[in-house]
2 protein chains.
Amino acid sequence: MQTQGQVRSANLAAALACLRDGGPRSRARLATDTGLTKATVSSLVTELVERGLVAEGAVHRPGSVGRPGTLVGLAGGVCGIGVEVNVDYLAVLALDLAGQVRWESRTALDVPGLRPVEVLARASALVSEARANQAAAAVGVTVAVPGGVQGSVVRTAPNLPGWVGTDVAAGLAGLGLPVTVGNDADLSALAEVSAGPHAGVPDLVYLTGEVGVGGGVVTGGQLLRGSTGLGGEVGHLALTPGDAPCGCGRRGCWETVVGLGALLRAAADPDDPLRDPGRDLEDRLGEVVARARAGDARTLEALAGIGTGLGVGAAVLVALFDPAVVVLGGYFAVVGEFLLDPLRAALAARVEDADRVALSTLGFTAAVRGGAHVALQPVFDNPTIVPLEASA
Amino acid sequence: MQTQGQVRSANLAAALACLRDGGPRSRARLATDTGLTKATVSSLVTELVERGLVAEGAVHRPGSVGRPGTLVGLAGGVCGIGVEVNVDYLAVLALDLAGQVRWESRTALDVPGLRPVEVLARASALVSEARANQAAAAVGVTVAVPGGVQGSVVRTAPNLPGWVGTDVAAGLAGLGLPVTVGNDADLSALAEVSAGPHAGVPDLVYLTGEVGVGGGVVTGGQLLRGSTGLGGEVGHLALTPGDAPCGCGRRGCWETVVGLGALLRAAADPDDPLRDPGRDLEDRLGEVVARARAGDARTLEALAGIGTGLGVGAAVLVALFDPAVVVLGGYFAVVGEFLLDPLRAALAARVEDADRVALSTLGFTAAVRGGAHVALQPVFDNPTIVPLEASA
DNA sequence: TCCCATTCGTTCGGTCCCTGCACTATTGTC
DNA sequence: GACAATAGTGCAGGGACCGAACGAATGGGA
């Protein structure tokens with residue numbers, strides 16, 4: 001904060017944040033809510049409308065006497081774009097300022113079979129398609145990758161080993177947009193606190209079950225990053241002195257207990273089609289759910305084992321982070337109905353309040369949604385970065 | 001941020017923070033460092049001097065041509081006061097804005113044997129003594145208590161059960177100063193990042209060994225609090241399926257493995273004077289160190305066991321929080337020379353970078369120092385809360 | 001010895017933005 | 001139909017910062 005020019009930005013941001021958090025309202029109401037005067041708010045709203053960030057809505061009938069106000073609310077003039085690069089697909093989602101999904105696509109792609117440069121070129125084309133198919137101007141792109149990231153460079157990627165060292169932002173530089181890169185679980189955690197039933201919760205832990213186990217932690221409204229960007233990485237917690245070897249070279253990591261491999265090994269013999277690595281993952285998960293619903297004892301037992309293992313680890317996370325809720329995503333959410341009871345039982349044996357577990361409702365769009373949200377963040381921080389005729 | 005009046009506060013705060021973080025310098029240098037103009041900085045410095053927060057120092061000889069500048073730096077016009085209520089003592093420390101300790105006292109007191117009201121009256125008298133014996137005007141008091149706190153009310157206190165429900169701020173209301181209350185380990189963690197070898201480290205975990213084990217976690221420069229203020233409470237982590245019963249009613253909590261009781265049980269038979277609860281704790285710890293230095297096998301083995309247990313738990317903390325350093329305080333620091341090797345060995349088996357462990361150098365003043373630092377924080381956030389003639 | 005380049009710190013006019021008040025616009029109630 | 005109540009907009013005023021110009025203090029060179 002240095003010049004009074006930044007006062008303007010700060011007040012524009014305050015008004016925008018107020019409209020985001022509390023919904024549309026009249027200028028007069030906005031004035032009392034922000035503590036600014038009506039005159040100032042009038043001027044701020046005029047500028048925000050000129051930048052395409054805010055739009056006038058219907059006339060508000062307050063039911064009482066006096067002149068009715070004109071509602072103003074967030075407009076869809078600009079959007080942020082989230083991209084997810086995962087093992088077998090690319091996903092893109094465009095979210096406008098008002099929180100509406102403007103574009104969504106998901107494309108199967110054998111990512112490990114291609115060079116990163118080729119994958120990023122494909123992703124770039126998908127982003128261009130998203131920009132062309134809806135009116136909002138894109139302000140930024142955030143890419144979710146299944147691994148650790150420093151800056152825009154992938155540092156660790158257990159499931160995409162060929163991507164280590166890849167500068168993802170450089171691969172998308174052709175778009176002419178700011179590109180940021182993040183861990184998929186971290187971005188999913190941000191999606192959970194920005195939309196859905198846990199919107200606005202400042203302390204939340206997100207767990208995603210994939211081949212490994214990913215985690216994203218939000219504390220005090222901020223994503224926990226740690227000194228090297230590896231904070232909240234729960235997959236390789238050494239919780240039990242178990243002997244199962246892990247891909248990381250050590251033994252007893254949490255993901256050897258609750259990862260997808262552990263579930264499939266417990267639920268099916270090696271020659272069972274469930275164990276066929278060539279089959280589509282969602283198909284196999286669907287079959288697990290079908291068997292469990294049919295009451296198959298072995299499947300139910302395997303799921304209960306995963307639930308208990310989740311509870312043991314979640315107990316540590318609850319004790320350390322004290323989140324309001326632990327959200328389960330990825331495959332955990334798909335089979336969640338069979339996990340919650342044993343999970344809560346294991347949790348109740350170890351911590352005070354075992355009731356703070358929920359299943360994600362965002363499904364597989366969590367990471368892209370979180371990415372789009374992150375891409376929009378600079379606009380909320382400083383609305384003046386959007387030019388004046390964005391959607392005049 | 002709403003009015004341009006707050007611009008002034010923000011810029012005063014920016015200048016003050018700059019001087020705190022980078023040391024004294026000339027006005028011209030401060031202008032380039034803050035990005036403000038010389039004219040503005042001149043005005044800001046004048047006001048800060050009038051508030052007693054900044055003082056002119058020696059003339060700076062830059063060695064090159066040109067008029068030499070006058071150094072300005074943080075002054076000792078105001079101080080924050082930290083108070084620690086613990087099982088067997090009260091401690092008070094006054095820290096001025098420049099980071100100098102202006103007053104320090106520690107008084108033995110049988111806290112469990114008195115009513116909280118009486119203890120707080122005693123603490124209030126000690127604070128008044130501190131205010132009377134040094135010139136800086138006190139701006140606030142922060143009280144460290146060994147337990148969980150919500151607002152200013154003690155919620156959990158394993159070692160001071162009679163304090164649950166006590167409103168600590170109310171007990172010190174007679175001072176006429178803002179009073180905040182915090183957990184002792186949390187405040188110690190803040191002390192570690194505000195002074196000493198780890199000053200400025202944004203991601204740090206502090207562990208303190210007492211009867212129990214306390215923890216304070218700083219991530220992204222912020223204290224981790226969690227949704228109910230219990231974040232970072234490491235003592236009751238369920239790490240091992242051990243059978244040792246814990247005071248919390250469960251089994252296998254970390255503090256049953258590495259707490260002071262575990263050390264003494266492992267190091268001495270029940271009739272050993274070390275196990276005499278009537279003896280002073282520091283005496284007993286001194287004897288442990290003496291025996292270890294003399295090469296006593298049983299003592300060394302017990303300490304190695306504690307070190308290994310610490311490493312097992314620290315591995316979880318390192319994996320989740322990814323701190324730049326884990327600082328050991330309390331009794332861990334006293335016997336630290338015998339803990340570090342087994343601790344690092346256990347850590348190295350579980351995480352990548354096992355070298356981020358250090359012993360606290362602040363000793364038993366960590367909590368009060370952290371408290372005083374917290375008490376000063378509002379001044380750095382908004383220097384205008386200090387009246388204009390603080391030390392005219 | 002004297003002058004000048006260089007750097008520090010202050011003074012002064014200008015600009016931007018918020019504030020407070022006055023004023024118009026619009027609606028419901030008596 | 002008059003009045004009260006609420007919404008939104010113009011206008012003068014003031015506070016804070018910026019840029020430029022100026023005096024102050026020092027070292028170096030002729």
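Just so we're on the same page: letters track the sequence lines, and every chain starts at 1.
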Determine the contact category for B:Thr70: base if any of its heavy atoms lies under 4.0 Å from a base atom, sugar-phosphate if only primed atoms, P, OP1 or OP2 are that close, otherwise nothing.
sugar-phosphate

Could you please name the option among D:dG28, D:dC17, C:dG28 that lies closest to any side-chain atom of B:Val7?
D:dC17

Output yes when at least one side-chain N/O atom of A:Arg8 is less than 4.0 Å from OP1 or OP2 of C:dC16, else no.
no

May I ask you to say what A:Ser26 touches in the nucleic acid, namely base, sugar-phosphate or nothing, with a heavy-atom cut-off under 4.0 Å?
sugar-phosphate

How long is the line joining CG of A:Leu44 and P of D:dA7, in whole Å?
17 Å

Any luck finding a side-chain donor-acceptor pair between A:Ser194 and A:Arg20 under 3.5 Å?
no

With a cut-off of less than 4.0 Å, is there a side-chain N or O of A:Asn11 near OP1 or OP2 of C:dC17?
no

Any donor-acceptor N/O pair under 3.5 Å between D:dA25 base and B:Arg67 side chain
no

Intermediate values then yes/no, side chain to side chain contact (heavy atoms under 4.5 Å, CB included), B:Arg225 and B:Asp186:
CA-CA 9 Å; B:Arg225 297 180 192 278; B:Asp186 285 349; 5.6 Å; no

With a 4.5 Å heavy-atom cut-off, do A:Cys18 and A:Arg25 have their side chains touching?
yes

Within this structure, what is the CZ-to-C1' distance between A:Arg27 and C:dC18, rounded to whole angstrom?
18 Å

Please report, rounded to the nearest Å, how far the C1' atom of D:dC11 is from the NZ atom of A:Lys38.
15 Å

Roughly, in whole Å, what's the span from CD in B:Glu47 to P in D:dG15?
13 Å

Separation of C:dG9 P from B:Arg29 CZ (nearest whole Å)
12 Å

Identify whether the distance between the nearest side-chain nitrogen and carboxylate oxygen of A:Glu56 and A:Arg27 falls below 4.0 Å.
yes

Would you kindly give the CD-to-C1' distance between A:Gln6 and C:dT15, to the nearest whole Å?
15 Å

d(CG, A:Leu12; C1', C:dC17) in whole Å
11 Å

Please pick, from D:dG8, D:dA16, C:dT19, the nucleotide with the shortest atom-to-atom distance to any side-chain atom of A:Thr40.
C:dT19

Between D:dA7, D:dG19, C:dT19, which nucleotide gets closest to the side-chain atoms of A:Leu36?
C:dT19

In this structure, how many angstroms lie between the P atom of C:dG9 and the CZ atom of B:Arg25, rounded?
13 Å

Give one of base, sugar-phosphate or nothing for A:Ala39, where a contact means two heavy atoms less than 4.0 Å apart.
base

Regarding the side chain of B:Val65, the nearest nucleotide among C:dT19, D:dG27, D:dG19 is D:dG27

Full working for side chain to side chain contact (heavy atoms under 4.5 Å, CB included) between B:Leu362 and B:Ser188:
CA-CA 9 Å; B:Leu362 299 178; B:Ser188 298; over 6 Å; no

